[in-house]
Amino acid sequence: MKRIFDILVSFVGLVILSPLFIVLAIVIVSDSKGPVFFKQTRVGRNGVPFKIYKFRTMIEDAEAKGMQLTVGDDSRITNVGTFLRKTKIDELPQLINVFKGEMSFVGPRPEVPKYVELYTEDQRQVLMVRPGITDLASIEYRNESDLLAMIDSPEKVYIEEVMPRKIELNKEYIRTISLAFDIRIIIRTIMAIFG
């Protein structure tokens, strides 16, 4: 049932949002040099890597010019990118990942391979399900970038404190997974974005 929900809603979403995608594509390429989409390797279900899609919010080759984490007012973020990140509109292309079956609307946010390599055997259980566009951790850490900006060693704190807490929230999700719970998380995510 969850997969049918994902296919139907992602397809309808992509059709309805296609005019917005075209407008955003024009704005993004007008604002800075580079492609419309940012594609990055993430680790999916059963540890299978895939390319996640986002609207590009940073300068071209940003990953080669800094950390994989984005912290606070990162100088690599473009003018349009600041707005897209704040409103989470940059995440909309992940509807493509959902439609393709690489992601779900709700599930543990997929990590980059660098951080997944640090998972313990127990933590790797979050890889048993499809990763999602949103999850309990996305709600709790809505302003993660701003929080990490206030810390001297953001990557160290992310690895030692933030990432383990996110994994615990995702394990909680896996224990209670259901379509009804997914819908509640989607509603809470929307409220967090607009509230």
Side-chain angles (χ1 to χ4, degrees), residues 1-25 27-28 35-58 63 68 70 80-81 83-113 115-116 119 124-142 144-145 163 166-167 169-194:
M1 191 67 180
K2 181 179 168 77
R3 181 65 192 135
I4 293 170
F5 174 84
D6 284 343
I7 292 169
L8 290 176
V9 178
S10 62
F11 177 75
V12 171
L14 285 166
V15 170
I16 291 172
L17 294 171
S18 57
L20 176 63
F21 277 34
I22 293 167
V23 171
L24 288 173
V27 172
I28 290 166
V36 171
F37 294 114
F38 167 71
K39 291 182 277 188
Q40 185 184 54
T41 300
R42 297 288 180 99
V43 179
R45 188 180 189 184
N46 299 321
V48 176
F50 71 98
K51 293 285 186 187
I52 195 170
Y53 295 95
K54 294 186 178 190
F55 283 120
R56 182 176 58 81
T57 59
M58 302 179 88
E63 284 194 301
Q68 285 191 305
T70 309
V80 171
F83 170 76
L84 295 178
R85 281 171 173 265
K86 198 163 193 66
T87 58
K88 300 294 184 185
I89 290 173
D90 64 316
E91 308 279 356
L92 288 177
Q94 286 162 52
L95 290 171
I96 299 166
N97 294 115
V98 174
F99 187 73
K100 288 169 67 179
E102 297 162 332
M103 291 178 68
S104 180
F105 275 99
V106 180
R109 282 295 295 163
E111 270 291 4
V112 294
Y115 296 134
V116 174
Y119 285 8
R124 292 186 70 85
Q125 68 180 273
V126 299
L127 302 176
M128 291 167 30
V129 297
R130 277 190 186 90
I133 293 177
T134 189
D135 61 0
L136 293 169
S138 298
I139 298 166
E140 183 164 319
Y141 288 95
R142 167 88 175 86
E144 177 186 306
S145 176
M163 191 169 75
K166 284 182 168 185
I167 291 170
L169 287 167
N170 288 323
K171 284 162 62 180
E172 179 187 326
Y173 167 75
I174 291 169
R175 286 192 296 270
T176 54
I177 194 168
S178 70
L179 184 57
F181 191 35
D182 280 8
I183 291 169
R184 287 205 302 273
I185 292 173
I186 291 168
I187 292 168
R188 284 179 61 190
T189 300
I190 293 167
M191 288 172 67
I193 292 170
F194 294 104

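Basis for what follows: all heavy atoms, side chains included, without hydrogens, waters or symmetry-related copies.
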**Q** Looking only at side-chain N and O atoms, does Tyr173 offer a donor or acceptor that is under 3.5 Å from a partner on Asp182?
**A** yes

**Q** Could you check whether atom CZ of Arg3 has more than 12 heavy atoms from other residues, nucleotides or ligands sitting under 6.0 Å from it?
**A** yes

**Q** Who passes salt bridge (Lys or Arg N to Asp or Glu O under 4.0 Å) against Glu111, sequence neighbours left out?
**A** none

**Q** Hey, could you give me the CZ/CD1 distance between Phe5 and Ile183, rounded to the nearest 0.5 Å?
**A** 5.0 Å

**Q** Quick one: are Ile89 and Leu92 in side-chain contact, heavy atoms under 4.5 Å?
**A** yes

**Q** If you count heavy atoms of other groups shown closer than 6.0 angstrom to NZ of Lys171, is the number above 12?
**A** yes

**Q** Apply side chain to side chain contact (heavy atoms under 4.5 Å, CB included) to Gln94 and Ile52, showing your working.
**A** CA-CA 7 Å; Gln94 286 162 52; Ile52 195 170; 3.8 Å; yes

**Q** Between Leu136 and Glu172, is there a side-chain heavy-atom distance shorter than 4.5 Å?
**A** yes

**Q** Measuring from atom NZ of Lys39 to atom CZ of Phe50, what distance do you get when rounded to the nearest 0.5 angstrom?
**A** 13.5 Å

**Q** Please check this pair: side chain of Arg109 against backbone of Ile133, looking for a donor-acceptor N/O pair closer than 3.5 Å.
**A** yes

**Q** Checking Ser104 side chain against Gly107 main chain: does a donor-acceptor pair fall under 3.5 Å?
**A** no

**Q** Rounded to the nearest 0.5 Å, what separates atom CD1 in Ile187 from atom OG1 in Thr134?
**A** 12.0 Å

**Q** Hey, is the main chain of Ala137 close enough, under 3.5 Å, to the side chain of Asp135 for a donor-acceptor pair?
**A** yes

**Q** Please give me the minimum heavy-atom distance between Pro93 and Lys54, naming the atom from each residue.
**A** CG-C, 3.8 Å

**Q** If only atom types and distance count, is the side chain of Arg56 paired as donor or acceptor with the main-chain N or O of Pro35 below 3.5 Å?
**A** yes

**Q** Is it true that Glu102 and Arg130 have a side-chain N and a carboxylate O under 4.0 angstrom from each other?
**A** no

**Q** If you look at every heavy atom in Leu127 and Tyr119, which pair is closest and at what distance?
**A** CD2-CE2, 4.5 Å

